[in-house]
2 protein chains.
Amino acid sequence: MCAVRARAICTAISPTMRDQYGQEGRTDTLRKGQTLVWEGEYLHLAAIVVAGVLKLSISLSDGREQIVGVVYPADFIGRPFGDRSQVSATALTDAQVCIFPQTAFDRLLFEQPDFGRRLLEHTLEELNRTRRGMLLLGRKSAPERIASFLLEISRRLGESQPQPQAALDSFELPLDRQQIADLLGLTIETVSRQLSAMRAAGLIRLPGRRTLEILDRRQLLELSGDHLENL
Amino acid sequence: MCAVRARAICTAISPTMRDQYGQEGRTDTLRKGQTLVWEGEYLHLAAIVVAGVLKLSISLSDGREQIVGVVYPADFIGRPFGDRSQVSATALTDAQVCIFPQTAFDRLLFEQPDFGRRLLEHTLEELNRTRRGMLLLGRKSAPERIASFLLEISRRLGESQPQPQAALDSFELPLDRQQIADLLGLTIETVSRQLSAMRAAGLIRLPGRRTLEILDRRQLLELSGDHLENL
DNA sequence: CGACTAATTGAGTCGCTTCAATAAGCGTGG
DNA sequence: CCACGCTTATTGAAGCGACTCAATTAGTCG
């Protein structure tokens, strides 16, 4: 039995169908840094993340990279009507994904109306997150970006726990400094300086490279620049 | 007979249904600057743009604004499962929109499977555009942003003509300089300087405030920083 | 413990912004 | 139809936030 089934998009598939399609899927292990889907390539699979965290990224012709999404357990990767993928999907940590061939995926969309609705709902949420990403990148200062990032990741890490819970105050960062920079449209040095400044201000602790603890969530929220009523 | 029906999402509705639902819709005229949907308010309508151009925007607590999408004729505004809207939708030009109550819209989703698929397809395209927006805002320089913007708008204006056609070389900008700045994450002065530089370089002409002519599309493409094989 | 990689910190530069002044469109009314 | 006045855009000069380049420190893993 799959660890994320209760929360993943699979809940929209009838039990009978699920067993039937279960045959076509396989569970795959990804090592940190491994790329599941390449930007520009024809998509021939769809996947549900069982464990670990992945990034979705786009690059420019000279290699600059922007992370356009972070994918957590129970989240979904891929799209129907298998076109060229506009993004790469790469494991930020070792990960387990449940992979289906594109054909099975497209078929599901026609045979299970609930599946389409669930997928639409998921896509609309991802669209909202991406739009907030545009706001962050277009209009927020470096401190605001870091504050927003910490709040977002603490919430999503909490949600994607085996037992979903509220935003975590202490957690391991699945991204290194370069990846945080690629997500926030900054450089590695600016990320580092801002984190140090927040530590100095008593907003966070940094017990290790990848470990982070939020000490003053309220002040992070104010620092983020967002309308407070949104959270 | 509606001017954009042949291209809009309505094509996914059976003729019988279309007439039935047609009763519930109304055509509305928006003046330039008028807001159809407010950020944070509960959504009670869905709309198809018949004529004119709208912006989708999000703001920060101190009023800074980011445009996260531009909506052209035959495009769609709204979402099912009517939640709070995360964006405002405001007319950039005088516009005509075909408006449906949220209830009729949600019903369509259950009664017409093709409608759901079409909506999903539309949402996936919007997601791709928004992700490219993140790339632009996070990693492109001011000249690259302007070049990308000019190419994008010329293509979308062409597509949304009554008779859809290739990218236009000469067109009216539906956005003023401030709105271009809010879309590209720049200031009005930077937008103006970059446009002047491009005019000086012979890439474009600017016969009037709002009129723009592309003289060297190929060079704009190279300036945009994107992978050339993408367009 | 030692070596390698990742992160931090510092100094200087640059691109975009800010603030301020000028110019150009464009609609209006004489 | 042109002149006027208002709005929008352009241009200039100075400032600053984030970047670049370089050196140092701190984790982490064998």
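All values below were derived from every heavy atom in this structure, side-chain atoms included, with hydrogens, water molecules and symmetry-related copies excluded. All chains are named by letter (A, B, ...) in the order of the sequence lines, taking the proteins before the strands, and each is independently numbered beginning at 1.
- Separating the CD1 atom of A/I180 from the C1' atom of C/dA6 is a distance of 12 Å, rounded to the nearest angstrom.
- Atom CG of B/D176 is separated from atom C1' of D/dA9 by 10 Å (rounded to the nearest Å).
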I'd like to know whether A/R132 forms a side-chain contact (heavy atoms from CB on, under 4.5 Å) with B/V68, so could you lay out the CA-CA distance, the side-chain angles of the two residues, the decisive distance to 0.1 Å, and finally the verdict. CA-CA 8 Å; A/R132 285 199 300 273; B/V68 298; over 6 Å; no
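- If A/R210 and B/R210 are placed on DNA chain C by their nearest nucleotide, the residue sitting closer to the 5' end is A/R210.
- The CD1 atom of B/I188 sits 12 Å away from the P atom of C/dT18 (whole-angstrom rounding).
- B/A89 and B/L56 make their closest contact through CB-CD2, 3.7 Å (heavy atoms, listed as atom of the first residue, atom of the second, distance).
- Shown for residues 190-202 of chain A: residues whose heavy atoms fall under 4.0 angstrom of DNA chain C, namely A/S192, A/R193, A/S196, A/R199.
- Atom CG in A/L175 sits roughly 14 Å away from atom P in C/dA6 (whole-Å rounding).
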Step by step, work out the side-chain contact (heavy atoms from CB on, under 4.5 Å) result for A/Q178 and A/E65. CA-CA 10 Å; A/Q178 181 60 60; A/E65 177 175 314; over 6 Å; no
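- Comparing C/dG25, C/dC16, D/dT28 against the side chain of B/R209 picks out C/dG25 as the nearest.
- Across all strands, B/R177 comes closer than 4.0 Å only to sugar-phosphate atoms, never to a base (heavy-atom distances).
- Using a 4.5 Å cut-off on side-chain heavy atoms (C-beta onward), B/N128 and A/R79 make contact.
- Applying the 3.5 Å distance criterion, the base of C/dC16 shares no donor-acceptor pair with the side chain of B/E189.
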Any chance you could lay out the side-chain contact (heavy atoms from CB on, under 4.5 Å) test for A/M134 and B/I58, step after step, and finish with the verdict? CA-CA 9 Å; A/M134 280 188 75; B/I58 316 184; over 6 Å; no
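- Note: CG (B/L206) to P (C/dG25) measures 10 Å, nearest angstrom.
- Formation of a donor-acceptor pair under 3.5 Å by the A/R155 side chain with backbone atoms of A/A167 is not found in this model.
- In this structure, B/E144 atom CD and C/dC16 atom P are separated by 9 Å, rounded to whole Å.
- Using a 4.5 Å cut-off on side-chain heavy atoms (C-beta onward), B/E159 and B/R7 make no contact.
- Remark: P of C/dA6 and CG of A/L173 are 15 Å apart, rounded to the nearest angstrom.
- The bend of the helix from C/dC1-D/dG30 to C/dG30-D/dC1, defined by the angle between the axes of its first five and last five pairs, stands at 40° to the nearest 10°.
- Note: CG (A/L137) to P (D/dG17) measures 19 Å, nearest angstrom.
- With no hydrogens or angles considered, no side-chain donor-acceptor pair links A/S224 and A/E144 at under 3.5 Å.
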Could you walk me through whether B/R156 and B/D75 pass the salt bridge (Lys or Arg N to Asp or Glu O under 4.0 Å) test, one step at a time? CA-CA 11 Å; B/R156 306 233 22 222; B/D75 279 351; 2.8 Å; yes
